[in-house]
Asker: 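Here it is: the structure, laid out below.
Every chain is numbered from 1, with letters handed out A, B, ... down the list of sequences. This structure is a prediction, so every number in the text was calculated from the model and none was measured.
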Number of protein chains: 2
Amino acid sequence: MISDTRALAGDLALAVVRLTRHLRGRRTDSRVSLTQMSAMATLSQEGAMTPGALAARERVQPPSMTRVIASLHDLGLVERTPHPTDGRQIIVTLSESGAELLADEAQAREAWLTERLEKLDPDSLATLQRAVGILSTLVSENS
Amino acid sequence: MISDTRALAGDLALAVVRLTRHLRGRRTDSRVSLTQMSAMATLSQEGAMTPGALAARERVQPPSMTRVIASLHDLGLVERTPHPTDGRQIIVTLSESGAELLADEAQAREAWLTERLEKLDPDSLATLQRAVGILSTLVSENS
DNA sequence: TATTGTTATACTCTATAACTATA
DNA sequence: TATAGTTATAGAGTATAACAATA
């Protein structure tokens, strides 16, 4: 059944890159991008943290996260408070409207993808659900 | 088992976006990007075609494909020949060295991902393999 | 001196709008 | 006039290098 892990890696890479291209392009109706959603989802699931910690958790470099946080802050979706003891650090928190948006989008977001998923049979959906769990562990492994 | 298709859509979107971020960032050792690989893979699988057809097949806009083709042409990985009867069109073909590179990379590419996949149990690999097929059909559906 | 975060800068990927050449 | 492709331009997302503030 499993012929070649390397071939699977290549196929998987192309599949996720192509799907991401669709997802990014089709989100123009939403107020936030997938990158912003991803950061907000992490803040929601793991609680407030410093920009450095969020960058590490999202596996991007600190300057990249600075930009994401700045854009979310401009939209009022996150708050930045000083660290209580270390003046170098700041704490990024999901704001009330950020939490609301996250909840709203969890209902309405990815309409294109949801529509297609609804046409799949239960077995395919179960497979995708397991795959999401596997992919998440792949990415969250230490480098 | 399948609780909510919309929730799955959100989880799947975040998972593929994060994995794509890794894959793009880690390919600096390769001569070509994932976008370029994707276009070359399509040319390899479906044969020579016009830029417009390749853009449609890859689900990007024509100007985006123009740039991808130009970069591949600069690298000598594709060839551009005039259309036999319609002077407006051109035919894009995978060059010999393009085909070679595709074959070589099929062995060595995605080392990071391959390494992680090799640590998975056979059941997880089978799940991913099925998931790749499902994701591919999702993206290739008509808009 | 080491750490945290930011600024400056640049590159890739993608899009839309406008243009050119051909049909 | 319509179509195929390109050029011009812009914006998002990411990176590295250099800087400032604090520990």
Asker: Between atom CG in A/Leu54 and atom P in C/dG5, what is the gap in whole Å?
Answerer: 10 Å
Asker: Could I get the full list of side-chain contact (heavy atoms from CB on, under 4.5 Å) partners for A/Val17, not counting sequence neighbours?
Answerer: B/Thr20, B/Arg24, B/Leu34
Asker: Nearest whole angstrom, please: distance from the C1' of C/dT6 to the CD of A/Gln89.
Answerer: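 Checked: the CD to C1' distance equals 14 Å.
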Asker: How do A/Asp86 and A/Gln36 order along DNA chain D: which one's closest nucleotide is nearer the 5' end?
Answerer: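 Closest to the 5' end, via its nearest nucleotide, is A/Gln36.
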Asker: Compare side-chain N and O positions of B/Thr35 against OP1 and OP2 of C/dT14 and report whether any pair is under 4.0 Å apart.
Answerer: yes
Asker: With a non-hydrogen cut-off below 4.0 angstrom, is A/Thr20 in contact with a base, only sugar-phosphate, or nothing?
Answerer: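 Contact class for A/Thr20: none.
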Asker: Take A/Thr85 and B/Ile90, find for each the nucleotide of DNA chain D with the closest heavy atom, and name the residue whose nucleotide sits nearer the 5' end.
Answerer: B/Ile90
Asker: When you measure from the side chain of B/Ser97 to the backbone N and O of B/Leu77, does any donor-acceptor pair fall under 3.5 Å?
Answerer: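 Between the backbone of B/Leu77 and the side chain of B/Ser97 there is no qualifying donor-acceptor contact (under 3.5 Å).
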Asker: Go through residues 66-83 of chain B and report each residue with a non-hydrogen atom lying under 4.0 Å from DNA chain C, sorted by number.
Answerer: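 B/Arg67 - these, ordered by number, are the residues of the stretch whose heavy atoms sit under 4.0 Å from the strand.
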Asker: If the condition is side-chain hydrogen bond (donor to acceptor under 3.5 Å, both in side chains), which residues does B/Arg67 pass it with, not counting sequence neighbours?
Answerer: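 B/Arg67 satisfies side-chain hydrogen bond (donor to acceptor under 3.5 Å, both in side chains) with no other residue.
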Asker: Between C/dA15 atom P and A/Leu23 atom CG, what is the distance in whole Å?
Answerer: 13 Å
Asker: Measure from CD on A/Glu58 to P on D/dT14 and round the result to the nearest Å.
Answerer: 9 Å
Asker: Using only atom types and a distance under 3.5 Å, with no angle test, would you say the side chain of A/Ser64 pairs donor to acceptor with the backbone of A/Val60?
Answerer: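 Side chain of A/Ser64 to backbone of A/Val60: no pair is present.
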Asker: Looking at OG1 of B/Thr114 and CG of A/Leu12, how far apart are the two atoms once the value is rounded to the nearest 0.5 Å?
Answerer: 9.5 Å
Asker: Take nucleotides 16-21 of chain C nucleotide by nucleotide from the 5' end and write B, S or -, depending on whether a protein heavy atom sits under 4.0 Å from the base, only from the sugar-phosphate, or from neither.
Answerer: BB----
Asker: Suppose we screen for side-chain contact (heavy atoms from CB on, under 4.5 Å). Which residues come up paired with A/Pro63, at least two apart in sequence or across chains?
Answerer: A/Gln61
Asker: Should A/Val92 and A/Leu43 count as side-chain neighbours, where that means a heavy-atom distance under 4.5 Å?
Answerer: yes
Asker: Quick one: side-chain contact (heavy atoms from CB on, under 4.5 Å) partners of A/His73, sequence neighbours excluded?
Answerer: A/Val78, A/Arg80
Asker: Please report the distance, rounded to the nearest Å, between CZ in A/Arg24 and P in D/dG11.
Answerer: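 Taking CZ of A/Arg24 and P of D/dG11, I get 18 Å after rounding.
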Asker: With a 4.5 Å cut-off on side-chain heavy atoms, are A/Arg21 and B/Glu58 touching?
Answerer: yes
Asker: Could you pick out which residue, A/Val17 or A/Ala53, lies toward the 5' side of DNA chain C when each is mapped onto its nearest nucleotide?
Answerer: A/Ala53
Asker: Under 4.0 Å between a side-chain N/O of A/Ser33 and OP1 or OP2 of D/dG13, yes or no?
Answerer: yes
Asker: Assign A/Ser38 to base, sugar-phosphate, or nothing according to its heavy-atom contacts below 4.0 angstrom with the strands shown.
Answerer: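 No contact at all - A/Ser38 keeps every heavy atom at 4.0 Å or more from the nucleic acid.
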Asker: Check the distance between D/dG11's P and A/Leu34's CG and give it to me in whole angstrom.
Answerer: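 My rounded result for the distance is 20 Å.
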Asker: Once you round it to whole Å, what is the distance between P of C/dA15 and CZ of A/Arg21?
Answerer: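 It is 8 Å, rounded to the nearest whole Å.
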